[in-house]
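These notes concern the structure reproduced below.
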Amino acid sequence: MYLSTEIRRAIEDAIESAPVVLFMKGTPEFPKCGFSRATIGLLGNQGVDPAKFAAYNVLEDPELREGIKEFSEWPTIPQLYVNKEFIGGCDVITSMARSGELADLLEEAQALVPEEEEETKDR
Ligand SMILES: N[C@@H](CCC(=O)N[C@@H](CS)C(=O)NCC(=O)O)C(=O)O
Ligand code: FES
């Protein structure tokens, strides 16, 4: 598929819009597919700071849905980017969560809710 300059720019803008960016089906509140739902769940469990996170619903944008596959050279949704780097889809994120790699990656990206804040919330 031919990726137009316009779509390429829109994708680059999206990827740069936050440290952690997920292209998904549906929204974080209402995922429209189990793979997107599972990925949102994993990121939530890791304690990703909502202020450091952006999600794009590919179901609302057919050009984004096809364009992001071309851009990442990855055939499916969801797709996770951390600090503009493509990480993978649901399977990759699941195994990285298990191994602890995901926690390391997100911490390095300073994308997690600071621990003091988390403690304050519990009090
Ligand atoms: N094994 C995949 C599961 C995701 C997947 O299979 N996605 C499919 C169904 S939601 C997809 O995006 N198909 C292309 C499309 O719907 O545009 C992963 O690790 O992310
Ligand atoms: S929408 Fe059917 S598997 Fe994702």
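First listed ligand is number 1; within each ligand, the first listed atom is number 1.
Here is the list of ligand 2 atoms found below 4.0 Å of a heavy atom in Phe35: 3 (S). If you number the atoms of ligand 1 from 1 as listed, the ones under 4.0 Å from a heavy atom of Asp91 come out as 1 (N), 18 (C), 19 (O). Near Gly89, meaning under 4.0 Å from one of its heavy atoms, ligand 1 places the atoms 19 (O), 20 (O). Interface of Cys33 with ligand 1, defined as ligand atoms under 4.0 Å from a residue heavy atom, comprises 10 (S).
Taking every heavy atom of both residues into account, Gly26 and Leu59 meet most closely at N-CD1, 3.9 Å. Between Leu106 and Val82, the closest heavy-atom pair is CD2-CG2, 4.2 Å. Contact record, Thr39 with Ile93: CG2-CG1, 4.3 Å, taken as the closest heavy-atom pair.
Lys25 NZ, 3.0 Å is the protein heavy atom nearest to atom 10 (S) of ligand 1. Of the protein's non-hydrogen atoms, the one nearest atom 7 (N) of ligand 1 is Ile77 O, 3.0 Å. At the top of the distance list for atom 18 (C) of ligand 1, counting protein heavy atoms only, stands Cys90 N, 3.4 Å. Distance from atom 14 (C) of ligand 1 to its nearest protein heavy atom, with residue and atom name: Lys69 NZ, 3.5 Å. Protein heavy atom nearest atom 8 (C) of ligand 1, with residue, atom name and distance: Thr76 CG2, 3.8 Å. At the shortest separation from atom 2 (Fe) of ligand 2 among protein heavy atoms lies Cys33 SG, 4.4 Å.
Ligand 1 lies out of reach of Gln79, whose nearest heavy atom is not under 4.0 Å from it.
In this structure, Ser36 contributes its side chain and Cys33 its backbone to no donor-acceptor pair below 3.5 Å. At least one donor-acceptor pair closer than 3.5 Å links the side chain of Gln79 to the backbone N or O of Thr76. Side-chain atoms of Ser72 do not come within 3.5 Å of backbone N or O of Trp74 as any donor-acceptor pair. Looking only at distances, no side-chain donor or acceptor of Glu63 sits under 3.5 Å from a matching main-chain atom of Ile7.
Here Lys52 contributes atom NZ and Leu43 contributes atom CG; the two are 14.5 Å apart, rounded to the nearest 0.5 Å.
Looking at ligand 1, you won't find any N or O of Glu66 less than 3.5 Å from one of its N or O atoms. In terms of N/O distances under 3.5 Å, ligand 1 is not approached by Trp74. On a distance-only criterion, Val92 and ligand 1 share no N/O pair closer than 3.5 Å. In terms of polar-atom proximity, defined here as any N/O pair under 3.5 Å, Pro78 makes no such contact with ligand 1.
Between Glu12 and Arg9 there is no salt bridge, since no side-chain N of the basic residue sits under 4.0 Å from a carboxylate O of the acidic one.
Side chains of Phe35 and Ile77 form no contact here, defined as non-hydrogen atoms less than 4.5 Å apart.
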